[in-house]
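Encoded as structure tokens, the structure appears first; notes follow it.
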Amino acid sequence: MKASKSRSWQQQNDEYLRKALAWLRFRLAWFIEQSAGAASRVQPEPRSAPHKGVRRSSGRDAKQAQPAVGTNSISEKQLARAAEELAAFETVDQPPALIVLRRNLGLSRFESEVLLLCAAMEFDTRMALLCAQAQDDPARRYPTFALALALFAEPAWDVLSPERPLRYWRLLEINQPGAQPLTTSALRADERIVNYIKGLNYLDDRLVPLLLPLRYENRGLDLPPSQRSTVDSMIRQAGEAGSLRAVPVMQLLGVDSSSKQLVASHAAAALRLPLYRLPIELLPSPPAELEQLTRLLMREGVLWPFALYLDAHEMEKTATGDTHASALHRFLARSSGIFFLDTQDRRMETGRASVAFDIGKPTKSEQHQAWDSLLGAQQNGMAARLAGQFNLNLTTIHQIARTTLSSPAIGQQSIPQQLWEACVVDTRPRLELLAQRIEPKATWEDIVLPEPELKLLHELAAQVANRTRVYSDWGFAAKRSRGLSINALFAGESGTGKTMAAEVLANDLRLSLFRIDLSAVVSKYIGETEKNLRRLFDAAEDGGAILFFDEADALFGKRSDVKDSHDRYANIEINYLLQRIEAYRGLAILATNRKSALDQAFMRRIRFIVEFRAHGIQERKTIWERVFPRETETAQLDFDRLVQLNLNGGNINNVAMNAAFLAAGAGTPVTMPLIFEAARAEFRKLERPIYEADFQWDEETEVVA
């Protein structure tokens with residue numbers, strides 16, 4: 001039925017254009033005849049020779065004047081009848097495109113006739129010769145304002161004004177070379193307008209490189225209540241406005257652009273408008289170019305109604321950001337329509353009235369429901385785990401579930417494992433400049449610790465794995481807003497296993513592990529350290545990644561008495577870090593070999609403190625027994641002798657690695673002499689005294705394994 005109506009309107013529009021072109025030809029022919037008749041009636045005798053270049057018509061010339069091309073003599077009755085046929089189209093339910101254009105852009109009847117004259121040049125090849133005859137100049141085969149003012153019944157001089165619709169909306173292009181008068185300059189209808197009048201409606205080609213369609217398909221997923229209420233409020237704001245100019249700019253606040261785009265797309269769909277995205281960095285800075293783009297967008301909003309999503313999410317307070325903000329302000333001040341402004345923080349200066357909406361990701365319970373609806377009842381436990389660990393928007397949840405469940409490799413791995421890995425990959429933060437991603441390989445079998453410390457690590461892993469049940473299902477999160485973060489302090493000498501313990505936890509929990517690069521985070525410039533920390537925690541928040549602050553005392557040191565501005569700003573950094581550590585929903589691990597250097601405020605907020613002491617004899621023996629991979633060829637190693645070397649686990653790993661390289665170079669298995677040679681080098685590196693008797697190996701007393 002809709003297609004039938006479209007064809008009916010197109011046929012009606014074509015019929016209107018045929019009649020409009022016929023009326024225009026009649027009008028031109030009548031004007032040509034009237035001009036020729038007037039010239040034949042007025043024939044004064046010249047007192048002198050005519051001025052060079054001016055043609056004077058004699059009576060005989062007038063009698064021999066040819067009629068307008070392709071026409072017979074036109075009467076006023078014919079003109080009136082053709083005009084009546086055109087007027088009948090103004091009362092139909094679906095008026096033709098030219099009439100719609102006239103009403104929506106505020107054109108007068110005379111202006112619409114001028115536009116028809118210019119567009120007719122594209123529709124009818126006879127119009128060029130008629131224009132030349134009407135202007136009595138074979139070279140002027142084009143419309144001009146002078147011709148229009150003389151041709152049509154209700155001329156208005158203000159048609160030339162830049163503030164009138166024809167020029168304001170760039171409906172016409174004026175070719176005015178040099179000092180040629182505006183009234184005699186060639187006029188040409190804009191290509192987009194010509195096609196619109198013909199019935200072909202599309203987004204202007206000049207806007208296609210700037211605008212990106214935003215289309216979201218729900219595929220059975222409805223917006224959660226927290227976001228649906230925002231959409232309803234937006235629709236109400238648009239409905240209460242008396243005009244497009246009165247609709248306030250809708251500022252979408254928050255850090256999750258995907259959720260903001262989803263909400264905006266639902267609001268636009270409810271208003272029956274397509275939604276296009278425009279990054280504000282594409283707005284030109286020069287005022288003339290910005291004005292041209294603004295008018296083009298506003299004109300397009302009339303021809304092809306749409307809502308505009310202005311993406312200012314990444315705009316920062318820099319010189320470039322200020323330039324973009326200024327362009328945005330000028331653009332909104334001179335625009336009308338439905339605008340969604342994506343910005344992290346509210347902008348007070350938008351150039352027109354605005355209303356702000358805080359848009360975040362769905363709540364934990366809403367994420368749980370979304371996972372549950374996609375995975376089904378058989379995976380309800382997995383839905384709870386995913387919602388508890390990962391903070392995802394609705395679009396990402398839908399995409400991960402659809403991609404994972406339809407994967408051809410679904411038979412090789414279990415569904416829960418694939419879903420979990422997909423979430424880890426999707427939420428992996430971009431921290432290349434602030435942190436180093438560590439691929440965790442160590443397992444519980446690799447780490448050697450006394451039983452109390454090993455038990456603490458297992459408890460730490462269990463709390464991270466079960467926090468959803470305790471916080472959400474058992475009501476702790478509803479009762480308190482602080483103290484819900486999980487963090488740990490690993491204190492001990494270098495090489496006692498702190499980094500390995502972090503790897504073990506990441507491997508067991510199947511989470512991303514990042515070691516923070518303090519040299520990139522800490523800055524001498526005021527405010528830069530807090531900015532880096534904010535980027536760090538915000539990026540890692542969604543996936544609950546494990547953040548490993550090695551040498552944490554450099555960043556988490558004690559606050560000092562304020563003696564100057566440097567002390568004050570240093571304390572501000574520590575205060576900010578305290579707040580973020582306490583609010584971080586992932587696992588944060590602080591590692592230090594100077595526990596006493598940490599601020600006591602951090603110690604109060606630390607949930608687990610694991611002491612990594614120097615390894616004893618039995619622990620060193622266990623490490624030596626496990627340090628060489630199964631693939632490494634060894635020969636008659638005496639572990640009871642090796643444990644006499646007073647080294648921590650990290651140093652033992654260094655010795656084993658260096659001994660393996662020595663063996664590879666010699667083409668032999670790893671032997672005790674090679675290990676002692678590597679151990680001697682390790683002692684020198686540690687600046688420890690070397691007692692040669694401890695590094696001698698007598699083949700006659702070797703221990704046979």
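Nothing fancy with the numbering, it's 1 onward along the sequence.
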Considering only residues two or more places apart or on different chains, which pairs with a residue in residues 257-286 satisfy salt bridge (Lys or Arg N to Asp or Glu O under 4.0 Å)? K260-D342, R277-D311
Value for CG (L386) from CE (M382), rounded to nearest 0.5 Å, stands at 4.0 Å
Straight-line distance of L375 CG to L405 CG, nearest 0.5 Å: 6.0 Å
Using every non-hydrogen atom in the two residues, find where L394 and P224 come nearest and quote the distance to one decimal. CD2-CD, 3.8 Å
Could I get the full list of side chain to side chain donor-acceptor pair (under 3.5 Å) partners for Q227, not counting sequence neighbours? none
Give every residue pair that meets the side-chain hydrogen bond (donor to acceptor under 3.5 Å, both in side chains) criterion with at least one member in residues 282-294, sequence neighbours excluded. E291-R295, E291-R334
For N532, what residues pass the side chain to side chain donor-acceptor pair (under 3.5 Å) criterion, not counting sequence neighbours? none
Sequence neighbours excluded, every pair satisfying salt bridge (Lys or Arg N to Asp or Glu O under 4.0 Å) that has a member inside residues 201-211: D190-R206, D204-R206, D204-R299
Side chains of L374 and I397, heavy atoms from C-beta outward: is any pair under 4.5 Å? yes
So how far is it from R192 CZ to Y202 OH, rounded to the nearest 0.5 Å? 6.0 Å
For Y196, which residues count as a side chain to side chain donor-acceptor pair (under 3.5 Å) partner, sequence neighbours excluded? none
Where the side chain of N13 meets the backbone of W9, is there a donor-acceptor pair that is under 3.5 Å apart? no
Listed partners of R469 passing side chain to side chain contact (heavy atoms under 4.5 Å, CB included), at least two apart: D473, W474
May I ask you to decide whether R580 forms a salt bridge with D538, counting only side-chain N to carboxylate O separations under 4.0 Å? yes
Going by the rule side chain to side chain contact (heavy atoms under 4.5 Å, CB included), which residues pair with V194 if we only count those two or more places apart in sequence or in a different chain? A119, E122, F123, A189
Taking all atoms of both residues into account, what is the closest heavy-atom pair of I99 and P95, and its distance? CG2-CB, 4.0 Å
Can a side-chain donor-acceptor contact be found between Q463 and R607 if the only test is distance below 3.5 angstrom? yes
Counting C-beta onward and ignoring hydrogens, is there a side-chain heavy-atom pair between L511 and L587 closer than 4.5 Å? no
By side chain to side chain donor-acceptor pair (under 3.5 Å) - contacts of T230 (at least two apart): none
Mind checking side chain to side chain contact (heavy atoms under 4.5 Å, CB included) for D232 and listing every partner two or more places apart, or none if nothing turns up? R228
Could you tell me if the side chain of L547 sits less than 4.5 Å from the side chain of Y584, heavy atoms only? yes
Pair E366, S226: side-chain N/O donor-acceptor within cut-off below 3.5 Å: yes
The criterion is ring-ring contact (aromatic ring centres under 6.0 Å, His included); which residues satisfy it with W420, sequence neighbours excluded? F390
Shortest non-hydrogen separation from A488 to L460 and the atoms involved: CB-CD2, 3.8 Å
Residues at least two apart in sequence or cross-chain that pass side chain to side chain contact (heavy atoms under 4.5 Å, CB included) with A387, listed by chain then number, are Q367, H368, W371
Are the side chain of S373 and the backbone N or O of A370 linked by a donor-acceptor pair below 3.5 Å? yes
Find the distance between CZ (F331) and CG (L297) and round it off to the nearest 0.5 Å. 5.0 Å
Tell me whether Q251 contacts the main-chain N or O of R347 through its side chain, where contact means a donor paired with an acceptor under 3.5 Å. yes
